[in-house]
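Notes follow once the structure below has been shown.
Below, chain A is the first sequence line, B the second, and so on; all start at residue 1.
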Protein chains: 2
Amino acid sequence: MQSQQAISAIPDFQPLYKQVHTVLVKRIANGDWGPGQALPSEQALALELGVSQGTVRKAMDALAAQSLIVRQQGKGSFVAEHTQEHSLYRFFRISRPAPDGARVTPELGAAKIKRRPASLVEQAKLQLDKGDEIVEIRRTRLVDQSPAIVEKIILPLALFPDIDSNEMLPNTLYSLYQGVYGISVAGVREELRAVLANKRDARSLGVASGSPLLQIDRVAIGLDDRHVEWRVSRCDTRHVVYAVDVN
Amino acid sequence: MQSQQAISAIPDFQPLYKQVHTVLVKRIANGDWGPGQALPSEQALALELGVSQGTVRKAMDALAAQSLIVRQQGKGSFVAEHTQEHSLYRFFRISRPAPDGARVTPELGAAKIKRRPASLVEQAKLQLDKGDEIVEIRRTRLVDQSPAIVEKIILPLALFPDIDSNEMLPNTLYSLYQGVYGISVAGVREELRAVLANKRDARSLGVASGSPLLQIDRVAIGLDDRHVEWRVSRCDTRHVVYAVDVN
DNA sequence: GAGTGGTCTAGACCACGCA
DNA sequence: GCGTGGTCTAGACCACTCT
């Protein structure tokens with residue numbers, strides 16, 4: 001009656017709750033339930049999958065811990081939405097220095113967008129083939145009305161068809177990816193370095209050429225583990241910092 | 001028979017498993033079980049605290065998620081140890097750039113240690129009072145035999161009596177804090193900035209004065225939420241990077 | 001074989017949101 | 001009042017470790 005049953009015909013050796021977890025991730029990735037929509041209740045899923053409610057609960061608790069879903073007592077469980085506030089703070093770690101430590105909401109400055117074939121580095125970063133096209137976005141972000149971050153964003157055109165025909169791109173691109181293109185960013189991997197401002201940086205940020213900048217090299221990864229975006233940000237850290245908490 | 005009983009005489013309104021969690025954290029912080037030692041079994045704790053095994057399990061799962069304890073099937077649950085490898089990788093995020101991405105094990109270079117009254121900044125960072133003494137450690141860490149990181153470490157002398165009488169400090173200070181002084185680092189808060197190498201940095205790291213360095217400003221926090229250490233590292237990021245994964 | 005944590009189930013009551 | 005997720009319990013079997 002219990003333990004190590006497989007949901008599919010051929011048993012694998014994952015615990016049941018992990019199998020349930022995997023099934024649910026796939027369904028979310030597949031768009032069975034759109035962002036903001038409610039998943040079936042624990043009971044309904046348990047019945048459908050032939051496991052107990054407690055097992056479904058454990059799988060859904062894991063989804064909630066990954067913030068793939070949001071659970072609300074009395075209402076239900078909902079596919080996480082990359083709304084403005086949410087998405088901004090999940091992957092955006094720029095804040096004011098301690099002891100204030102407040103999160104910062106950057107505003108959008110100038111932006112340029114163009115389409116071209118992927119360079120070799122871009123092919124590697126985004127798992128593309130030779131000849132694949134990408135879209136390059138360059139933009140500035142402001143903190144307290146003055147430019148603080150320059151970004152170069154590279155997107156595979158195949159995943160975001162005609163994204164370069166948008167007049168104005170929103171501040172939080174991830175909600176656009178999710179809402180319009182059905183691509184949810186599940187996680188990011190970032191590498192941080194210190195670099196010197198080149199002439200273009202200096203002009204965009206209003207700093208002296210040769211000023212120190214924090215460079216954030218980020219690859220965004222989708223629900224299906226595809227590399228969805230490559231973004232290189234250069235940040236003037238005189239008034240804001242990149243904050244990390246490890247527990 | 002179930003639900004919302006309080007362990008202590010005066011009920012608070014925390015779920016039982018959170019109360020159990022809190023009790024266990026306090027006992028660990030208090031040294032009831034030393035690092036590496038086994039906690040009582042789930043059954044034993046459940047009996048002692050008058051709750052069910054499942055509730056104790058949920059509390060201990062949370063402790064494991066915080067990596068405050070390590071659980072081993074068939075053996076028991078053990079207070080986490082800040083061993084060399086462990087402690088190094090828990091809070092040390094320097095690695096090689098992608099696609100390699102391998103963790104790096106820094107070696108220890110020159111070190112200097114001295115005792116003096118806390119400056120104003122140090123008082124603020126470490127929650128000290130005027131006149132309190134601190135110990136300042138300055139040292140260099142090597143990657144691939146060449147200097148890559150300079151560190152300035154500030155410790156409250158009250159927490160680490162006579163630490164400055166040590167001949168050689170180990171590479172991973174956190175295991176020393178835990179093993180000798182009974183202070184476990186439960187988490188850290190870091191702020192990252194880009195700065196330019198001053199003359200001292202340049203000499204220590206073998207780079208040109210004015211080179212860009214990644215500055216990591218870290219406050220380490222103990223089990224009882226006290227600020228235990230303030231550490232400012234400056235890192236040459238030409239060959240290594242600071243890696244962050246968010247999921 | 002005894003003891004531990006890991007998984008799974010079944011059923012209960014509670015707190016919440018909504019109609 | 002109903003359905004949802006949140007908490008708690010009790011009991012079962014499994015996988016692992018040690019003796």
Side-chain angles (χ1 to χ4, degrees), chain A residues 1-8 11-24 28 33 36-81, chain B residues 1-8 11-24 28 33 36-81:
Chain A
M1 185 101 90
Q2 77 298 330
S3 185
Q4 291 300 111
Q5 309 177 350
I7 291 171
S8 61
D12 53 25
F13 297 102
Q14 288 286 92
L16 258 189
Y17 71 91
K18 280 190 187 165
Q19 297 181 41
V20 172
H21 177 91
T22 305
V23 167
L24 295 179
I28 292 172
W33 312 292
Q37 286 181 10
L39 275 68
S41 71
E42 297 178 353
Q43 275 296 359
L45 284 170
L47 205 63
E48 179 199 336
L49 299 172
V51 301
S52 83
Q53 190 195 11
T55 301
V56 173
R57 173 181 296 275
K58 194 160 180 180
M60 292 179 80
D61 281 349
L63 290 174
Q66 299 174 265
S67 63
L68 248 169
I69 65 172
V70 177
R71 314 194 74 181
Q72 282 177 261
Q73 187 174 99
K75 294 182 70 177
S77 300
F78 305 85
V79 178
E81 271 183 297
Chain B
M1 186 102 88
Q2 75 298 325
S3 186
Q4 292 301 110
Q5 309 175 350
I7 290 170
S8 60
D12 53 26
F13 297 102
Q14 289 287 93
L16 257 188
Y17 71 89
K18 280 189 187 165
Q19 297 180 41
V20 172
H21 178 91
T22 306
V23 167
L24 295 180
I28 292 171
W33 312 293
Q37 287 181 10
L39 275 67
S41 72
E42 296 178 353
Q43 276 297 359
L45 283 170
L47 206 63
E48 177 200 336
L49 300 172
V51 301
S52 83
Q53 190 195 11
T55 302
V56 172
R57 174 180 295 276
K58 195 161 180 180
M60 292 179 80
D61 282 347
L63 290 175
Q66 297 174 265
S67 62
L68 248 168
I69 65 172
V70 176
R71 314 193 75 182
Q72 281 178 260
Q73 188 175 103
K75 293 183 70 177
S77 300
F78 304 84
V79 178
E81 271 182 298

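- Put simply, CE on Met60(A) is 10 Å from C1' on dT4(D), counting in whole angstrom units.
- Here the P atom of nucleotide dA12(C) and the CD atom of Gln53(A) are 13 Å apart, to the nearest Å.
- Looking at Arg57(B), its side chain comes within 3.5 Å of the base of dG6(C) through a donor and an acceptor atom.
- For the pair Thr55(B) and dT9(D), the criterion of a side-chain N or O lying under 4.0 Å from OP1 or OP2 is met.
- Looking at residues two or more places apart in sequence or on another chain, you find a side-chain contact (heavy atoms from CB on, under 4.5 Å) between Ser41(A) and Gln43(A), Ala44(A).
- Of the candidates dG6(D), dC8(C), dT7(D), the closest approach to any side-chain atom of Leu16(A) belongs to dC8(C).
- Rounded to whole Å, the distance from CG on Leu45(A) to P on dG3(D) is 17 Å.
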Which donor-acceptor pairs under 3.5 Å do side chains of residues 66-74 of chain A form with protein atoms, sequence neighbours excluded?
{"unit_1": "Gln66(A)", "atom_1": "OE1", "unit_2": "His21(A)", "atom_2": "NE2", "d": "2.9"}
{"unit_1": "Ser67(A)", "atom_1": "OG", "unit_2": "Arg90(A)", "atom_2": "NE", "d": "3.1"}
{"unit_1": "Arg71(A)", "atom_1": "NE", "unit_2": "Ser77(A)", "atom_2": "OG", "d": "3.3"}
{"unit_1": "Arg71(A)", "atom_1": "NH1", "unit_2": "Asp61(A)", "atom_2": "OD1", "d": "2.7"}
{"unit_1": "Arg71(A)", "atom_1": "NH2", "unit_2": "Glu42(A)", "atom_2": "OE2", "d": "2.4"}

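- Residues Val20(B) and Val51(B) approach most closely at CG2-CG2, 4.4 Å, considering heavy atoms.
- Summarising the geometry, the separation between CG on Asp61(B) and P on dG6(D) is reported as 17 Å, rounded to the nearest angstrom.
- The structure places CD1 of Ile28(A) at 5.5 Å from CG of Leu63(A), a figure rounded to the nearest 0.5 Å.
- Listed nucleotides: dT7(D), dT7(C), dG5(C). Nearest to the side chain of Arg71(B): dG5(C).
- Rounded to whole Å, atom P of dT4(D) lies 15 Å from atom CD1 of Ile69(A).
- In this structure, Phe78(B) atom CZ and dG5(C) atom C1' are separated by 10 Å, rounded to whole Å.
- Between Tyr17(A) and dC8(C) there is no side-chain polar atom (N or O) within less than 4.0 angstrom of OP1 or OP2.
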Identify each atom pair where a protein N or O and an N or O of nucleotides 1-4 of chain C are less than 3.5 Å apart, giving names and distance.
{"unit_1": "dG3(C)", "atom_1": "N2", "unit_2": "Gly74(B)", "atom_2": "O", "d": "2.9"}
{"unit_1": "dT4(C)", "atom_1": "O2", "unit_2": "Gly74(B)", "atom_2": "N", "d": "3.1"}

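- Counting to the nearest Å, the C1' atom of dT7(C) and the NE2 atom of His21(A) are 17 Å from each other.
- Atom CG of Leu39(B) is separated from atom CE of Met60(B) by 5.0 Å, given to the nearest 0.5 angstrom.
- Summarising the geometry, the separation between NZ on Lys58(B) and C1' on dT9(D) is reported as 13 Å, rounded to the nearest angstrom.
- Summarising the geometry of Leu24(B) relative to Trp33(B), their closest heavy-atom pair is CD2-CH2, 4.0 Å, with the distance given to 0.1 Å.
- The backbone N or O of Val79(B) sits nowhere less than 3.5 Å from a side-chain atom of Gln37(B) that would complete a donor-acceptor pair.
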